[in-house]
Amino acid sequence: MRLLDWNIRKINATSSRSLRSVLHAIDEVDPDALALQEVGDGVRDALVAALESRGHVAVTSDVPTRLKGHRVLVAARRSLVGNSPRVFVHPTFPRAIVGIEMKDGARTSALVSFHVPNGANQGWRKADCLNALADLAASNPPSRTLLLAGDANEPASYRPDGSAIPYVSRREKLRFDGEGRVLSTTKPWRDKRGESRPTHQWYDAIERLFPSGRSRIFSELCLPYHLRPGAEPSHRTRGVPKPLDHLLC
């Protein structure tokens, strides 16, 4: 099965050259299933129609029209999902987590496209979204392969050994234990929305997907190459290398 995961970065204009370029790149890869993030409202219908014409069942999150902004999309070949595909959108994060269930012979798999909000603007919603993803993975039945694809907006940076350092408030200095994990604090942190919680809940949510100590099971499962010292990052944000910001695992 060939998979494609791509953050298309807020493409909105249905007549734009960017949209044509995205479709051209998808055609070149010719994926059996794909996950896209930052699908703009202006391009959503045209993109879904284009994928449907290519033999894919496409699912995006449906939200009230008053809520503008980019969303996530997931699609798979019609032959993989059958006439009655099982598709799902996360009830708490309908714009951030969407999935589709596929069958390849006797094997069943679910592809989930996600886009975790950044903490600067969304505050505690980021931690809640990370926990939602972790809960989704934990509840996946052993008989089904779970494929996670998307943009996690984590971690902030890495140590020389490759372990992750999570995003935190600039006002707080990090301390680490002997295993390299963040020493949590009960000091409250209030986000821009006015919601205040003990700061350790922020770290705990990140640790569920991005362990910062030496037992980096999830990270090493995702991208072992990028966790090696000196590995080339996929991109940089404000000069900080981001080898694990975007995932397909």
Side-chain angles (χ1 to χ4, degrees), residues 1-11 22 25-26 29 31-41 43-44 47-48 51 56-63 69-76 87-102 109-122 125-140 144-156 164 166-167 205-211 216 218-227 233-237 242-249:
M1 185 183 295
R2 179 173 294 186
L3 305 174
L4 170 67
D5 179 32
W6 192 1
N7 183 326
I8 61 174
R9 296 178 64 89
K10 302 180 183 178
I11 295 174
V22 166
I26 291 174
V29 176
D32 297 299
L34 61 130
L36 303 178
Q37 298 82 41
E38 296 204 41
V39 178
D41 290 332
V43 78
R44 175 173 175 250
L47 187 55
V48 168
L51 292 172
H56 284 73
V57 174
V59 183
T60 63
S61 49
D62 292 311
V63 295
H70 52 271
R71 317 179 193 187
V72 291
L73 176 148
V74 64
V87 297
F88 54 90
V89 176
H90 197 280
T92 308
F93 295 95
R95 294 171 61 188
I97 304 175
V98 64
I100 190 167
E101 190 169 80
M102 306 173 290
S109 58
L111 175 63
V112 174
S113 178
F114 67 88
H115 193 175
V116 177
N118 64 66
N121 297 319
Q122 299 294 324
R125 283 181 58 82
K126 172 173 180 167
D128 293 340
C129 191
L130 286 168
N131 277 319
L133 279 172
D135 291 340
L136 187 65
S139 63
N140 185 63
R144 185 178 71 179
T145 299
L146 179 64
L147 304 164
L148 294 174
D151 193 338
N153 276 309
E154 270 295 338
Y167 276 117
I206 296 173
E207 287 283 329
R208 294 184 68 187
L209 291 180
F210 295 93
R216 304 182 300 272
F218 181 85
S219 302
E220 294 197 354
L221 176 68
C222 296
L223 292 172
Y225 168 77
H226 285 305
L227 290 177
S234 57
H235 67 288
R236 294 176 181 270
T237 301
K242 301 290 184 179
L244 200 58
D245 177 87
H246 207 88
L247 303 177
L248 173 58
C249 61

How close do [X] and [Y] get, counting heavy atoms only, and between which atoms?
X      : Y      : value
Val116 : Ala152 : CB-O, 3.6 Å
Pro31  : Leu4   : CB-CB, 3.8 Å
Cys129 : Phe93  : N-CZ, 3.3 Å

Is the shortest side-chain heavy-atom distance between [X] and [Y] below 4.5 Å?
X      : Y      : value
Thr92  : Ile97  : no
Leu148 : Phe114 : yes
Asn131 : Arg208 : yes
Val59  : Leu73  : no
Leu36  : Asn7   : no
Arg95  : His115 : no
Val74  : Val112 : no

From [atom1] ([X]) to [atom2] ([Y]), nearest 0.5 Å:
X      : Y      : atom1 : atom2 : answer
Thr145 : Leu111 : OG1   : CG    : 11.5 Å
Leu34  : Trp6   : CG    : CH2   : 10.5 Å
Thr60  : Leu51  : OG1   : CG    : 10.5 Å
Leu136 : Leu146 : CG    : CG    : 5.5 Å

Backbone N/O of [Y] and side chain of [X]: donor-acceptor pair under 3.5 Å:
X      : Y      : result
Ser113 : Val98  : no
Asp128 : Ala132 : no
Asp32  : Arg2   : yes
Arg125 : Pro117 : no
His90  : Leu133 : no

- request: Quick one: list whatever passes side-chain hydrogen bond (donor to acceptor under 3.5 Å, both in side chains) with Asp5, sequence neighbours left out.
  value: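 side-chain hydrogen bond (donor to acceptor under 3.5 Å, both in side chains) check on Asp5 returns Gln37, His246.
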
query: Looking just at side-chain N and O atoms, do Asn153 and Asn118 make a donor-acceptor pair shorter than 3.5 Å?
result: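 Checked: Asn153/Asn118 side chains show no N/O donor-acceptor pair below 3.5 Å.
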
message: Tell me whether Arg71 is salt-bridged to Glu38, with the criterion being a basic N under 4.0 Å from an acidic carboxylate O.
response: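 The answer is no: the pair does not qualify as a salt bridge.
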
